[in-house]
Amino acid sequence: MSLKQLCRLTALVLGACCTRAETPAPPRPFGLVVHGGAGVILRADLPAALEAEYRTALQAALDAGYTVLADGGTALDAVLATVCRLEDSPLYNAGRGAVLNADGVCELDAAIMDGRTITAGAIAGVRHIRNPIVLARDVMEKSPHVLLSGAGAEQFATSLGYTLVPNEYFQTERRKAQLQQARDAEAKGRPAAGMPGGLRRQPAAGALVLDERKFGTVGCVALDRAGNLAAGTSTGGMTNKKFGRVGDSPIIGAGTYANNRTCAVSATGHGEYFIRAVVAYDIAARMEYLHRPLAAAAAETIARVGALGGTGGVIALDARGNIAMPFNTPGMYRGCKLSTGEDRIELFEPGR
Ligand code: ASP
């Protein structure tokens with residue numbers, strides 16, 4: 001090759017490199033997915049006015065989180081903003097409007113996880129924390145621990161200057177009626193039909209089983225402009241729960257998980273099964289070790305829950321902005337708002 005030819009080739013290569021460098025990188029996707037619980041959510045059972053209320057509350061929560069992300073905020077802040085909105089709504093089983101335990105008291109669980117740092121914070125069985133997800137984040141950021149429970153968690157909150165609220169703040173008439181239904185059904189030895197959270201004894205297994213028609217737990221997974229993932233879940237657990245029962249929501253890896261390498265997950269459903277199937281981490285592990293795409297991993301894990309006899313669903317989001325919202329119940333309150341323009345709320349099974 002002559003010197004002239006070599007120079008021309010070099011110029012061509014450099015030119016190609018420069019052209020490539022000048023091509024603007026595609027914008028990074030960002031957005032969030034939210035759920036407000038899964039269960040027997042049928043169009044026929046839901047009056048139009050109530051359906052509109054559920055949708056409005058979910059949309060307001062999505063919008064709050066999306067605004068954080070659009071303004072360049074972190075996935076963690078977006079999860080917090082979204083979950084706080086749903087905790088403040090009396091419609092959902094988290095914060096105000098949470099279900100009542102067997103003693104007629106609201107006991108709240110929540111968790112949050114940062115997929116960038118793999119740090120997490122959670123609280124279980126608190127009775128006086130207005131926004132449990134906020135305290136979960138404080139456990140993550142201001143304590144050396146991951147999970148605090150009951151009076152100790154509230155003592156930690158007080159040490160940070162929180163104002164404790166009376167338990168009555170969380171209690172609504174609707175939840176009191178549901179507890180009464182569950183108690184009546186329990187006294188008759190059968191689950192209450194059409195209501196969330198009857199407690200049922202299965203004679204064959206000799207075990208207490210929670211029968212849920214509808215779960216109202218709330219959760220959010222978010223991806224920010226920097227490519228970081230976060231997940232958060234908040235709940236009152238299950239109606240008529242006893243003996244300090246804690247569900248999957250505050251258990252890292254069961255109801256809540258986030259890792260930038262794979263995905264962010266928040267679950268809702270019959271917590272005992274979700275703990276046993278280690279649901280949120282199972283989805284992430286399928287992606288990491290089996291190289292399964294998000295949707296396949298999430299569907300496979302929900303199938304495992306179903307095989308155990310459990311019901312519920314998850315919302316999941318990966319670092320590329322792919323989303324999945326599988327569930328094995330007749331419905332799940334869910335929605336997403338993404339930088340691609342996708343912005344939707346769904347309540348029922350597809351096609352129903
Ligand atoms: N998973 C929650 C629990 O078992 C209940 C729910 O999702 O509504 O505590």
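Every number for a ligand or one of its atoms is a count from 1 in the order of the listing.
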Charged N to carboxylate O under 4.0 angstrom, Lys337 versus Glu342?
no

Classify the angle between the aromatic ring planes of Tyr257 and Tyr281 as parallel (below 30°), tilted (30 to 60°) or perpendicular (above 60°).
perpendicular

Using a plain distance cutoff, I'd like to know if Glu272 has any nitrogen or oxygen under 3.5 Å from a nitrogen or oxygen of ligand 1.
no

Report yes or no: does a heavy atom of Arg245 sit under 4.0 Å from some atom of ligand 1?
yes

Short N-O contact, Lys242 and Glu186, less than 4.0 angstrom
yes

Look only at interatomic distance and state if Met238 has a nitrogen or oxygen under 3.5 Å from any nitrogen or oxygen of ligand 1.
no

Check this for me: does any side-chain nitrogen of one of Arg96 and Glu87 sit under 4.0 Å from a carboxylate oxygen of the other?
no

Can an N or O of Asp248 be found at a distance shorter than 3.5 Å from an N or O of ligand 1?
yes

Under 6.0 Å between ring centres, would you say that holds for Tyr162 and Phe156?
no

Looking at ligand 1, does Gly216 have a heavy atom less than 4.0 Å from it?
yes

Check each atom of ligand 1 against the heavy atoms of Thr268 and keep those under 4.0 Å away; list them by number with element.
6 (C), 7 (O), 8 (O)

May I ask which of Gly247, Gly36, Gly269 has a heavy atom nearer to atom 5 (C) of ligand 1 than the others do?
Gly269

For Gly237, the atoms of ligand 1 under 4.0 Å from one of its heavy atoms are 5 (C), 9 (O)

Is Gln155 atom CD crowded by more than 12 heavy atoms from other residues, nucleotides or ligands, each under 6.0 Å away?
no

